[in-house]
Amino acid sequence: MGPPVSWLRGVDKVAALLLTMNKSDAGRLLKHFNPQELKDITRSISNLREISPDVVQRLVDEFAADFSSGTNLVGSTGDAEKLLAEALPAEQVSELMSDVLGSSNQSLWDQISRVAEDDLANYLAGEHPQTAALVLSKISPIAAAGVLRQLPEGLRNDVSFRMLEIQPVSDAALRLIGLGLQQDLLSGTPGKSAGKANTQFADIMNRLERDQMEGILQTIAETRPEQAQAIRNQLFSFEDVTKLSTKARLILFEKVPVETVILALNDTEASFKELILSSLSSRAKRMVEQELASAQGVSKKDIAQARRKIAETVLALAERNELEIHSE
């Protein structure tokens with residue numbers, strides 16, 4: 001065994017080991033941590049710097065476990081959110097992520113405020129005026145005034161008017177704008193990781209409702225049609241289950257609890273129900289049919305959560321190469 005990994009704190013070691021594990025196994029472990037420990041682990045995963053395979057092996061040796069990783073490990077907020085989602089209700093995941101991301105989001109806008117005024121003005125001049133208005137409403141007043149002074153008069157007036165009437169923006173949209181600003185203005189290598197940014201944002205979008213997805217994509221397509229299409233190609237919602245191959249559907253519904261299928265199929269069309277039922281075992285099919293026949297007063301929230309869970313299961317299986325989403 002190599003020397004101890006002294007630069008990692010205890011919580012960092014836990015975070016690193018959780019990242020090496022299958023998400024469902026890691027999720028079961030997370031259920032045993034208390035709320036404060038979960039916050040500490042979430043922060044660590046979100047900020048974890050790259051860890052090489054030999055360091056991972058030494059961590060594993062320290063815990064006397066018999067596994068290793070073949071690739072470098074690096075944590076992100078997306079990794080943290082995925083792990084938490086395996087173990088905790090959506091509301092608790094949202095609360096934890098908001099608590100952890102709050103200060104980092106503010107730090108991002110502080111960094112944007114320090115970008116050279118002409119660079120930021122040139123960047124925003126190429127964006128939709130509503131996006132420019134949102135960005136200027138988030139940065140410091142001094143920086144916003146400096147940028148406004150450099151915008152063409154017509155655009156300056158339009159953006160200023162929009163700033164006066166700006167409405168609350170969803171976390172998903174804010175994250176997209178933050179990713180774009182971070183990549184294009186702060187990384188020093190604009191465009192180099194556009195594919196990664198699209199993938200990260202698609203991961204966020206996949207957790208929204210279908211109408212929310214479409215609304216955001218339509219907004220993006222107004223100024224970035226190619227990027228909107230690239231993101232759309234990575235999206236998957238419950239309704240897209242019909243596009244999976246027969247083999248993929250069989251694999252999927254072996255993993256989904258019958259109770260989740262029953263909830264998700266409420267208020268769906270007969271042809272859709274029949275397609276899903278044909279992907280179930282005979283026993284599961286009978287159970288679903290009986291429950292649906294007597295189902296009453298199922299809340300829309302429960303139905304939406306069940307459908308989202310199925311879509312997330314598809315994405316998780318695809319990530320592990322256990323099924324193909326776009327077989328064509």
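Shortest non-hydrogen contact noted between I220 and A228 is CG2-CB, 4.0 Å. Taking every heavy atom of both residues into account, L244 and L252 meet most closely at CD1-CD2, 4.1 Å. Counting all heavy atoms, side chain and backbone alike, A264 lies closest to A306 at N-CB, 3.7 Å. Nearest heavy atoms, S160 versus L148: OG-CD2, 3.8 Å. Residues R149 and R156 share a closest heavy-atom pair of O-NH1, 3.8 Å.
Residue pairs meeting the ring pair (Phe, Tyr, Trp, His ring centres under 6.0 Å) criterion with at least one partner in residues 282-301, sequence neighbours excluded, are absent. Here ring pair (Phe, Tyr, Trp, His ring centres under 6.0 Å) pairs that include residues 286-314, with residues two or more places apart or in two chains, number zero. Counting only residues at least two apart or in different chains, ring pair (Phe, Tyr, Trp, His ring centres under 6.0 Å) contacts with residues 266-318 comprise F238-F272. Each ring pair (Phe, Tyr, Trp, His ring centres under 6.0 Å) pair with one or both residues in residues 294-313, not counting sequence neighbours, would appear here, but there are none. The side-chain hydrogen bond (donor to acceptor under 3.5 Å, both in side chains) pairs that include a residue from residues 125-134 are E127-R224, H128-E222, Q130-R162, where partners are two or more places apart or lie in different chains.
More than 12 heavy atoms of other residues, nucleotides or ligands shown are found within 6.0 angstrom of NZ on K273. Counting heavy-atom neighbours within 6.0 Å of L164 CG, excluding the residue itself, gives a total above 12.
Side-chain contact between I139 and L120 is present, with heavy atoms from C-beta onward closer than 4.5 Å. Here the side chains of I112 and K138 are not in contact, with every heavy-atom distance at 4.5 Å or above. Residues Q305 and K309 form no side-chain contact, since every pair of their non-hydrogen atoms from C-beta on lies 4.5 Å or further apart. By the 4.5 Å heavy-atom criterion applied to side chains, R307 and T268 are counted as neighbours. Proximity of F253 to V241: side-chain heavy atoms (C-beta onward) are separated by under 4.5 Å at one or more points. Side-chain contact between I262 and V258 is present, with heavy atoms from C-beta onward closer than 4.5 Å. Between N266 and D302, the closest side-chain pair of non-hydrogen atoms is not below 4.5 Å.
Atom CD1 of I142 is separated from atom CD of E117 by 9.5 Å, given to the nearest 0.5 angstrom. Separation of atoms CE (M287) and CG (L280) is listed at 10.5 Å; rounding is to 0.5 Å. Rounded to the nearest 0.5 Å, atoms OG (S237) and NZ (K243) are 7.5 Å apart. Note that the CD atom of E274 and the OG atom of S279 stand 10.0 Å from one another [nearest 0.5 Å]. How far CG of N122 is from CD of Q150: 7.5 Å, rounded to the nearest 0.5 Å. Rounding to the nearest 0.5 angstrom, the gap separating the CG atom in L323 from the CZ atom in R249 is 11.5 Å.
The hydrophobic clustering, which links ILVMFWY residues whose side-chain heavy atoms are closer than 4.5 Å, places I303 and I276 apart. Taken together through direct or relayed side-chain contacts under 4.5 Å among Ile, Leu, Val, Met, Phe, Trp and Tyr, L315 and L250 form parts of separate hydrophobic clusters. No path of Ile, Leu, Val, Met, Phe, Trp and Tyr side chains, each step under 4.5 Å between heavy atoms, connects L263 with V256, placing them in separate hydrophobic clusters. Taken together through direct or relayed side-chain contacts under 4.5 Å among Ile, Leu, Val, Met, Phe, Trp and Tyr, I166 and V135 form part of one hydrophobic cluster. Cluster annotation: V261 and L275 are assigned to distinct hydrophobic clusters (Ile/Leu/Val/Met/Phe/Trp/Tyr, side-chain heavy-atom contacts under 4.5 Å, transitive).
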Problem - Full working for side chain to side chain contact (heavy atoms under 4.5 Å, CB included) between T313 and L317 - result: CA-CA 6 Å; T313 301; L317 290 170; 4.0 Å; yes
Practice task
Could you please spell out the steps behind the side chain to side chain contact (heavy atoms under 4.5 Å, CB included) verdict for L124 and V159?
Solution key: CA-CA 10 Å; L124 294 180; V159 170; over 6 Å; no
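No donor-acceptor distance shorter than 3.5 angstrom exists from the side chain of D158 to the backbone of G154, with no hydrogens or angles considered. Side-chain atoms of S113 come within 3.5 Å of backbone atoms of S140 as a donor-acceptor pair (strictly under, hydrogens ignored). Without hydrogens or angle criteria, Q167 side chain to E165 main chain gives a donor-acceptor distance under 3.5 Å.
A search for side-chain contact (heavy atoms from CB on, under 4.5 Å) contacts involving T219 returns nothing, not counting sequence neighbours.
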